[in-house]
Every structure is written in C-alpha cells, then in structure tokens.
Chemist: 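Structure below; questions to follow.
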2 protein chains.
Amino acid sequence: MPFSYEYARPALTVDCAVFGLDEQDLQVLLIRRGQEPYEGRWALPGGFVHVDETLDEAALRELEEETGLRKVYLEQLYTFGGIDRDPRERVVTVAYYALVKLSDHKVKAATDAADAAWFDVNDLPELAFDHREIFEVALARLKGKVRYQPIGFELLPRKFTLTQLQRMYETILERKLDKRNFRKKILGMDLLVALDEVQKDVAHRAARLYKFDDRRYRKLVKQGFSFEI
Amino acid sequence: MPFSYEYARPALTVDCAVFGLDEQDLQVLLIRRGQEPYEGRWALPGGFVHVDETLDEAALRELEEETGLRKVYLEQLYTFGGIDRDPRERVVTVAYYALVKLSDHKVKAATDAADAAWFDVNDLPELAFDHREIFEVALARLKGKVRYQPIGFELLPRKFTLTQLQRMYETILERKLDKRNFRKKILGMDLLVALDEVQKDVAHRAARLYKFDDRRYRKLVKQGFSFEI
DNA sequence: GCAAAAGTGTTGGTTATACACCCATGT
DNA sequence: ACATGGGTGTATAACCAACACTTTTGC
C-alpha cells in the first residue's frame, strides 16, 4: 500500500446521471455492476477520481469507459457525503448530470459497453448505493433548470422541429403546453434559426427544421436577456 | 502514517462563504491564515473533512471552530477540484455558503475567533488559494437564488420592517426597487405576519415590524406556489 | 379523399410598471 | 416647525392564457 496519510481520507468518486430523450420518454442510462457490493444491480456510471485529473475530467473519462459516450453536455450536480453510502468504507461522490442527443448515441451506448441500457425515468429498477437519491436530485435539477436555461436543446438533434422542441418540454415538465403560445414565445426570443430544410420520410406535411443559435444566445445574455419557458 | 491506500487519494476539505448584511452593505466573513501556505492572507473559513462526519457536519464544525458561528443557514454550493488549487498537494474542496443574521452574531464573530472579520463584498482583500473564485460563485448563487427562494430572510433579524426587507433585496440584487410595488407584491404573497409591534428608538415615525411565516410558506409551496421577487 | 400533423391571430384577463403626496414621530 | 422615513392608489402597458380552423403532404 504505497500511499499513506496522517489522517484517514474518504475515497472520492464521481457518478453521473445521463439523460436522453426518446420519441416519447425521458430516459436515464444505467450500467449493471459486475462486482460486489451490489453485484448485478443497476447503477449510475461512475468511478474513482484519479489524483491527477479534475472532477470534470474524471466524470468524462468514466462516462467514456463505461458507456462509450463522448462530447456530452455535463454539469456538476451535488456532492453526496453520507457516512454509510458505501458499505465497504467512506466514499464521497461528486455527482454530475449529462444530457445527450439520443439520436446520435443510442447505438453506441448499447454496444460499446457490455451492460449499459436506457431506462424510462418513470420505470427504474432498484439501484445500487444511494443512486436512487442521486437520480432524484438530478431529475429535479433538470426539471428546474430546463425552464430558465436553454439546456433542453442538448437532448434534441441539432436540427429539430418546433413540435419536437415542444414535446421535449412537455415530457420533462410533465405538462401540456399550448402549441400557438409556445411557438410565439420561443420564436419571439429570436434564438432559433429557421433552416431551408424540412423533415423527410414523414407521412404528413413535413415540418420546418430549426437550429439553436448559441452564439446569439450568449450575445443576448450579455445584454440582460434571460431565457424562460 | 497509519492510513494507507492502494491508490493516491485527494485530501477533502470544506470551505464556506458566510454572508451577512450590514445596514448598508453585503459582507462576507474571512479569517486570517496562521500557517503556510498563504500565511497571513485572508481566506474563507474551512478545513479538512473527518472520515466519520458528513460534509454538512464538517462545514458546521469548521464554522464554529473558526468563527464561533452556530445555527446558520447553510447550503452546499459547488465542489472545486482543480489540480493545483493547493500548492502542497491535491485538495478537493466542497464549498458551502451560509447566511447569518448579523444583528445576532456580529460581536461573537469578532471576539470568539482570534482573527475573523467581516468585509464588504465589493472591497475584498486578496484571498488565499482559489477562494476568490469560490466567493464569486457563492455570490452569484446568492444573487440568483434570493429572487426565487425566500432565503433573504436569513440575513435579517427575525422581526424586520418592510424597508429593511426591501433594502436587503436592493443590496443583493444591486438595483433599486419601487417601494409601493414592492410592498404590494410581498404582502400579496401572504407570507409575512404583521406584528403588533413597531420599531423603537428611531428619530421618525416608527415602522411596523413583520416576521416571515415559514410554516405558511411550506404549505403554499405544496399547493404549487412559487416565490419570486 | 382521407389521415395526420403543420401552421397561424385575436381577445380578455392578469400582472408589472411608473409615479407623488400626506402622515406620524422625534428633535 | 422641520427633518426623516412610513405608508398608501391609480392608470397604462406588457404579458399570458385560452381557444379552432385551414393547409400541406403521403398514402
């Protein structure tokens, strides 16, 4: 045991609640544990923080190692420091949440990692450790933050229709929005760019595609604009 | 060195930005460091997390040890994990912010602790480590959160006047509010209880005192109410 | 031609903002 | 009597919520 300290130190880990949006549902990515404790249980992806990497780096590294995901939107959530979180020893975990465009990543996450799968947030299996609690906090944060920061776009493909956008909000916020009012509001913010392009392969009138203009968003924020759904 | 581990572990600390409200200004509580590194520099109160205490417990313990403060409003802020935060070794810190009623605590903090002092947030000395950054994040959080959660009351005495309340918001948000509109709005929320009591020892008409009704607030929240200034 | 979703305005109610004077109290 | 802050109402503008029909497209 080459590393010794004068006082006992908690182990430090990162864990990550990764959200993705299916056609109809909000989903979260879980991995199945291969070792004790909680062997065979589903858990949030995560692992130990190396001494030479930042917390963000650790979260990104673990995500890639365990699920194959890269370049996701990642944000620190909360640090969980309960004394008996882990039955082996004291472990403090810095929790993150991530948002991914399922359309891009669906296949990868299912194949690259041995045992990773998406679950509907309303139908989760029992989770290892206190991961259920971490998940609840992450979901609450997502629900809160999506209303006043334009992070929801991270769940959609780069080009999306207004109906997809509206459905995303309806799914996360768990309430219906009025189509006309929604369109008025979101277009009025002047954050979406209408593309010269429409949906393909749909059995009805094809909707116009839009993209989110991040550069413009940041400019508006500097001028005091604040996003709100 | 009795504690050995297979892999190197970062040290884990807590640090705390304590805010108080003077008649005119928002202040933050700093302590002067007695040891290297940064000996003699001002810093946020904080210290190492013991292996048998939660993070919240560590923050409260350090606060009391270093500043004499007890029973403050405390909330986890963010965890800072930069690799070179501390010149000695890798230290990850879980930052908190606290709000105290200066009226109650002013003397204590100045006497119990050898070298603790309140500083105007707009006139801070150079701080040790990355404490300036932690402070900035804490202040931003306070400014953001005070608008949509009734945490500002933690900075005022239990009994306060509407003018004190308004000044608190004006100080934190750094903008003027309209007196009549402010009163209409805050009284309309039905969260304040008018006491049968007025200010004493003032050289003008004495203002009515109010208190915040926390029980009522929680009841309203359950019914979907959301606080906003 | 029919099924399915796209796209589009108006009205009424609520909420936010701007604004100024008289009142009570202590010195 | 004067200085200081306490306390109060109204009118206008902006925003939000409710609501239904026509258009386009693929089959």
Chemist: Rounded to whole angstrom units, what separation is found between the CG atom of B/D178 and the P atom of D/dT8?
Modeler: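 In whole Å, D/dT8 P lies 14 Å from B/D178 CG.
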
Chemist: If you look at every strand shown and take non-hydrogen atoms under 4.0 Å, does B/T161 touch a base, only sugar-phosphate, or nothing?
Modeler: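 If one applies the 4.0 Å heavy-atom cut-off, B/T161 turns out to touch nothing in the nucleic acid.
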
Chemist: Of all the choices, D/dG6, C/dC19, D/dC19, which nucleotide is nearest to the side chain of B/A207 once you look at every atom?
Modeler: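 Looking only at side-chain atoms, B/A207 lies closest to D/dG6.
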
Chemist: Would you call the rings of A/W42 and A/F119 parallel, tilted or perpendicular if under 30° counts as parallel and over 60° as perpendicular?
Modeler: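 Perpendicular, since the angle between the ring planes exceeds 60°.
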
Chemist: Any side-chain N or O of A/R180 under 4.0 Å from OP1/OP2 of D/dA18?
Modeler: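 No, outside the criterion.
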
Chemist: For B/L162 and for B/A203, locate the closest nucleotide of DNA chain D by heavy-atom distance; then report the residue assigned to the nucleotide nearer the 5' terminus.
Modeler: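 Upstream on the strand: B/A203.
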
Chemist: Just the rounded figure in Å: distance from C1' of D/dT8 to CZ of B/R205.
Modeler: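 It works out to 10 Å between those atoms.
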
Chemist: What is the nucleic acid contact for B/R208, judged by heavy atoms within less than 4.0 Å: base, sugar-phosphate only, or nothing?
Modeler: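 Sugar-phosphate, backbone atoms only, no base.
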
Chemist: C/dT17, C/dT8, D/dA17: which one has an atom nearest the side-chain heavy atoms of A/K179?
Modeler: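 So the side chain of A/K179 is nearest to C/dT8.
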
Chemist: Once you round it to whole Å, what is the distance between P of D/dG7 and CZ of B/F182?
Modeler: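 Computing the B/F182:CZ to D/dG7:P distance gives 13 Å.
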
Chemist: Parallel, tilted or perpendicular: which describes the rings of A/H131 and A/F129, with under 30° parallel and over 60° perpendicular?
Modeler: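 The arrangement is tilted - the two ring planes meet at 30° to 60°.
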
Chemist: Is the centre of the B/F160 ring less than 6.0 Å from the centre of the B/F153 ring?
Modeler: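 Aromatic pair counts; centres sit under 6.0 Å.
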
Chemist: Whole-Å distance between C/dT17 C1' and B/E228 CD?
Modeler: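 After rounding, the gap between these two atoms is 15 Å.
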
Chemist: Round to a whole Å and report the spacing from NZ of A/K200 to C1' of D/dC27.
Modeler: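 After rounding, the gap between these two atoms is 20 Å.
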
Chemist: How long is the line joining CD of B/Q199 and P of D/dG6, in whole Å?
Modeler: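 Atom CD in B/Q199 sits about 6 Å away from atom P in D/dG6.
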
Chemist: Is B/R147 atom CZ crowded by more than 12 heavy atoms from other residues, nucleotides or ligands, each under 6.0 Å away?
Modeler: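 Not buried by this count: 12 neighbours or fewer within 6.0 Å.
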
Chemist: Given C/dG7, C/dT10, D/dG7, which nucleotide is nearest the side-chain atoms of A/K184?
Modeler: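 Selected nucleotide: C/dT10.
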
Chemist: Of the nucleotides C/dC19, D/dA18, C/dA4, which has the atom closest to the A/H204 side chain?
Modeler: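 That would be C/dA4.
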
Chemist: With a 4.0 Å cutoff (strictly under), does any side-chain N or O of B/T163 reach OP1 or OP2 of D/dG6?
Modeler: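 For D/dG6, OP1 or OP2 has a side-chain N or O of B/T163 closer than 4.0 Å.
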
Chemist: Between A/K185 and A/V202, which is nearer to the 5' end of DNA chain D once each is assigned its nearest nucleotide?
Modeler: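 Its nearest nucleotide being more 5', the pick is A/K185.
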
Chemist: How long is the line joining CZ of B/R183 and P of C/dA18, in whole Å?
Modeler: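 Answer to the nearest Å: 18 Å.
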
Chemist: Using the salt bridge (charged side-chain N to carboxylate O under 4.0 Å, His left out) rule, take B/K185 and B/E228 through it: C-alpha gap first, then chi angles, then the decisive distance, then the call.
Modeler: CA-CA 9 Å; B/K185 184 157 192 171; B/E228 185 171 351; 5.7 Å; no

Chemist: What is the separation between atom CG on B/D201 and atom P on C/dG26, rounded to the nearest whole Å?
Modeler: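 Those two atoms, CG and P, are 10 Å apart.
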
